[in-house]
Amino acid sequence: MIGFFRTTSLRLKLVLISFVVEAVMLTLLVANSVWLIDNVLDEQARLQMKMLGPLLNVSLAGPLADGDIASARQILAEVRAKERLAYVELFNDKGEILAGAEPSAASHYESWVTIEQEGKSYGRLRLGISTDFLAAAKQKLFLESSVIAVAEVLLSLLLFLGLGFWLTRNLKELTDAGKAVAGGNYAVRVQVVSSDEVGRLSTTFNAMAEAVQNQVKSLKEGEAKFRAIADYSYDWELWADPTGKVVWVNPSVQRLTGYSPQECLEMQGFPAAIVHPEDSDRFREGSRRILDNKTTSGSGFEFRVLRKDGISFWAAADWQPIYGARGEHLGVRGSIHDITERKQAELKILATVQQLEQAQQYQQRYYAQAQEERARFNSLLNAMDLGILFVGNQNSTAYYNPAFLRVWELPADTQLAGTSTDELLATLEKQLARSADYTQHVHEIIQTKESSHNYELTLVDGRMLLETSYPVPGADGRYMGRLWLFKDVTQERRTADQIIYLAERDALTGLYNRHRFQEELTRMLADAGRRNSAMGLLFFDLDEFKVINDTYGHRAGDSVLIRVAAEVGTQVRRNEIFSRLGGDEFAILVPDVREDELQVLAERVVHSIPQIPFHFEGHNLRLTTSLGIAVFPDHAQNAEELIAHADAAMYQAKEAGKNAWRIYAQQSDTSRQMLTRITWNERIRSALRNNLLYLDFQGVYRADDGRLSHIEALVRMKDEENLGNIVMPVSFIPLAEKSGAILEIDRWVIGQCIALLATSGKVPPISVNISARSFDDPKLPHYISDELRRLDVNPKRLIVELTETSAVADLHDAQRFIEALHQAGCRVCLDDFGSGFSSFAYLKHLQVDIVKIDGMFIRNLPNDSDNQVFVRAIVDVARGMRKITVAESVEDKETLEMLKGFGVDMLQGYYLEKPHADHVAITHIGTAV
Ligand code: C2E
Ligand code: MG
Ligand code: MG
């Protein structure tokens with residue numbers, strides 16, 4: 001019912017209500033009319049009864065009292081008819097019905113009347129007045145009233161309907177307009193037809209509709225803007241509700257992550273689900289805090305996102321809490337942007353910063369190291385004996401160490417920093433023996449901007465300084481200045497002088513040796529040739545010296561040689577070169593001389609020697625000498641000739657009876673012996689040409705197992721005149737060395753030996769002897785390596801022997817030569833060790849592989865304790881230096897055993913085998929030289 005009312009239209013409601021009200025009112029009216037009529041008719045019946053009662057009492061009391069029942073009935077019938085009584089019944093006082101009539105009407109009004117007379121009751125009368133007329137009247141009234149009421153209701157219904165329609169027709173329009181507005185048609189308006197309430201309502205509605213329309217329009221615009229901003233915002237925007245569930249995400253998410261907004265919204269746990277696993281925990285923790293903290297916005301929360309394609313990128317999120325209109329918390333708006341580039345830049349910066357930090361650490365470390373280095377360097381510079389001076393590129397002194405002041409003997413407090421080169425030179429000048437030369441040298445060096453070669457300068461106090469200088473380039477390669485080094489080499493030079501002295505001197509007499517003689521001869525000849533002057537050569541030996549040696553022993557011979565050297569030395573001027581060439585052979589080189597002056601000298605020498613008294617084994621002895629003179633350029637054009645002619649002149653003097661001197665004379669040079677002496681050079685060359693040289697081989701055996709280690713090649717020469725006559729090397733090698741023919745001999749021997757080695761791999765290694773003169777031949781090492789390569793011989797199979805004396809005589813050349821031989825792959829043996837200066841220091845300087853102890857220590861070893869000590873020492877030192885030792889001239893078993901006991905590695909000598917041309921190690925394999 002209520003629902004019906006809610007849903008029915010206002011108009012119908014009005015009509016229904018009016019109808020109901022009308023009906024109720026009319027019903028009430030009709031009912032009232034009926035009731036009124038009813039009351040009136042009822043009153044009328046009661047009045048009729050009231051009047052009829054006494055009348056009947058009077059009429060009936062009499063008959064009854066008389067017992068006349070018939071009359072009574074009569075009367076009753078009449079009354080009934082007359083009074084339109086419905087019924088009438090008469091009862092006696094005993095209650096018995098006396099008369100009665102059936103009710104003639106359906107409804108009636110009943111009344112009882114007591115029949116009495118004079119106080120005496122005769123009975124009772126029940127009578128009923130018919131009320132049918134009343135009912136008919138009522139019905140009629142009712143009917144009429146109803147008709148009227150219905151008519152009125154219908155009329156008023158019509159009226160209400162019309163009125164309602166008229167009243168609500170605008171409301172309907174309003175309702176439709178309202179529905180249209182509700183349906184989104186905000187443009188709808190209602191017509192205002194009256195100024196009554198409905199009219200005002202319409203006006204208000206229109207105003208409201210317009211307001212709504214405007215609001216909706218601006219809302220739409222706002223929303224469009226918002227959408228435009230949100231959807232087309234470059235960043236990935238999202239809205240997460242308070243539980244963290246993302247309820248909206250803008251399309252940018254697809255560009256950034258590869259997932260569409262739809263996919264994102266459907267994704268479980270988005271966006272944490274696409275956060276890089278390494279950042280995932282941090283992200284969840286961070287987002288939880290952001291959601292929990294409902295008041296604060298923030299920015300710069302960084303994390304990595306895993307794109308749909310699996311590639312990750314760095315993102316940063318800004319966020320704000322979102323509130324509804326009533327201030328309720330709706331969640332969080334997040335704005336996420338790709339910061340990969342920035343992150344990369346940051347990471348790069350970070351890396352750069354780290355690198356910088358590391359660089360700084362390095363720098364600090366390097367700085368500390370540099371400081372330490374510098375401290376060490378400074379203490380080194382301060383401690384060192386080398387004078388160091390650094391002059392900057394403006395030629396001003398930048399640094400010098402204490403040794404610089406010491407070397408130059410300047411006071412320790414001398415201040416040189418900032419001084420110019422000229423000022424510095426002026427300070428140093430006082431110390432210099434030849435200051436002008438040095439100043440010039442310094443200026444020349446400064447011009448070049450290159451390293452300077454060693455420059456030796458002599459100070460006024462006799463000390464010698466070795467100066468070297470280097471340009472110092474800066475880090476950019478530009479010239480920063482020059483470093484000058486000054487070394488006090490006084491002591492070194494003295495030692496070197498000593499070594500040179502030793503190398504140039506004959507150990508026994510202290511005179512110049514053959515090496516120096518040869519050098520001086522060459523120099524003087526060149527000098528004389530240049531100056532067009534003459535120079536002389538005096539050759540002399542002691543007559544019968546061999547007898548002294550043989551008779552009184554070597555010691556006696558040695559003392560003779562020493563005395564002779566000393567005596568003749570007094571005759572010789574400082575510019576003359578007095579040498580012992582070997583044995584008892586002496587020579588004097590006299591520069592810039594006339595023949596008569598030479599004769600005077602010769603005379604003095606020849607005369608002085610017999611003056612020397614010798615006492616041997618109780619005998620007084622006098623010795624004589626034979627001396628030959630040759631003059632350049634009168635007698636010879638070169639060194640070879642000059643030597644040969646002086647030699648010849650000496651023999652001429654001997655021929656003349658000894659104790660005499662002779663000037664070389666061509667015509668006297670006739671004897672065969674002289675001829676051969678003069679023409680050694682030619683003889684050797686002819687021997688080489690005519691195959692008159694040949695080789696003997698002597699085995700060198702291992703001391704431990706007695707097996708052959710290698711064989712030594714020893715050259716021999718067949719006498720041209722008498723082929724059966726063999727010339728031993730001792731006879732022609734010294735002459736060949738004098739003449740230079742030795743170079744060809746050495747090459748021939750090497751060539752032969754390499755060829756022999758090439759014949760078979762079974763040929764044992766061969767050692768060859770090389771003369772000191774060959775050191776001067778720079779091509780010899782090349783020749784050796786070329787030959788080895790050409791004939792495909794392992795260089796290790798060739799051993800080169802150099803005599804100690806020759807090596808020491810020209811240490812520098814020997815070192816170079818040894819180095820070249822090593823580079824060629826050959827082994828090097830230092831021969832006759834101990835015959836020269838016996839200094840172990842040379843072993844250090846000469847990088848040889850094998851040391852062969854000179855035969856003079858071996859030959860009488862068991863009987864000579866000095867030699868034993870010496871040999872033992874050599875073996876120890878050589879072993880310490882990892883060199884192999886060989887003992888030569890092993891002539892007996894006792895020596896051999898002793899040498900084995902000393903630990904000598906290899907042995908050679910007649911006891912083992914004599915040299916043979918057809919050595920078993922070669923013939924055995926069917927080859928011959
Ligand atoms: P060396 O190189 O010291 O040779 C050893 C010398 O001692 C050889 O004399 C050898 O026959 C000899 N000998 C070997 N065993 C004994 C022994 O048990 N007792 C004695 N007393 N002597 C022994 P050789 O052949 O007369 O050679 C003498 C020197 O001539 C060699 O001394 C070497 O310096 C030189 N020489 C030999 N052949 C050549 C050569 O082809 N070129 C050059 N430049 N010099 C050579
Ligand atoms: Mg040798
Ligand atoms: Mg030797």
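For ligands, and for the atoms within them, numbers begin at 1 and follow the listed sequence.
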Item to check | Pair Lys654-Asp541, salt bridge (charged side-chain N to carboxylate O under 4.0 Å, His left out): steps then yes or no | outcome: CA-CA 10 Å; Lys654 282 199 193 292; Asp541 70 6; 2.4 Å; yes
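Applying the 4.0 Å criterion to heavy atoms of Arg716 picks out, from ligand 1, the atoms 11 (O), 25 (O).
Because the distance cut-off is set at 2.8 Å, Glu888 qualifies as a neighbour of the Mg ion (ligand 3) through one of its N, O or S atoms. At a cut-off of 2.8 Å, Glu801 is counted among the residues with an N, O or S atom near the Mg ion (ligand 2). Residue Asn769 counts as close to the Mg ion (ligand 2), with an N, O or S atom under 2.8 Å.
Annotation for His822 and Gln847: closest pair CE1-O, 2.6 Å, computed over non-hydrogen atoms.
Side-chain contact between Ile629 and His635 is absent, with no heavy-atom pair separated by less than 4.5 Å. Contact of the Leu589 side chain with the Phe517 side chain is registered, since non-hydrogen atoms from C-beta on lie closer than 4.5 Å.
An N or O contact shorter than 3.5 Å is missing between Tyr911 and ligand 1 by distance. Polar contact check, Ile733 against ligand 1: no nitrogen or oxygen pair lies under 3.5 Å apart. For the pair Glu891 and ligand 1, the shortest N or O to N or O distance falls below 3.5 Å.
When the N, O or S atoms of Asp831 are ranked by distance to the Mg ion (ligand 2), OD2 comes first. The Mg ion (ligand 2) lies closest to atom OE2 when only the N/O/S atoms of Glu712 are considered. Between the Mg ion (ligand 3) and the N, O or S atoms of Asp832, the shortest distance is to OD1.
Across Cys753, Cys829, Ala887, Ser889, heavy-atom proximity to atom 7 (O) of ligand 1 is greatest for Ser889. Distances from atom 18 (O) of ligand 1 to the heavy atoms of Phe732, Tyr910, Trp748 put Tyr910 nearest.
Using modelled atom types, one finds a donor on one side chain and an acceptor on the other under 3.5 Å when comparing Thr624 with Asp543.
In terms of protein heavy-atom proximity, atom 34 (O) of ligand 1 is nearest to Thr803 CG2, 4.4 Å.
With sequence neighbours excluded, no residue forms a ring-ring contact (aromatic ring centres under 6.0 Å, His included) with Phe632.
Looking at Arg789 and Asp786, a side-chain N of the basic residue comes within less than 4.0 Å of a carboxylate O on the acidic one, giving a salt bridge.
Residue contacts with ligand 1, taken as heavy atom pairs separated by less than 4.0 Å, involve Val749 solely via side-chain atoms from C-beta onward. With a 4.0 Å cut-off on non-hydrogen atoms, Lys914 does not touch ligand 1 at all.
Cation-pi geometry between Arg505 and Tyr512 is satisfied (NZ or CZ under 6.0 Å from the ring centre, within 45° of the ring normal).
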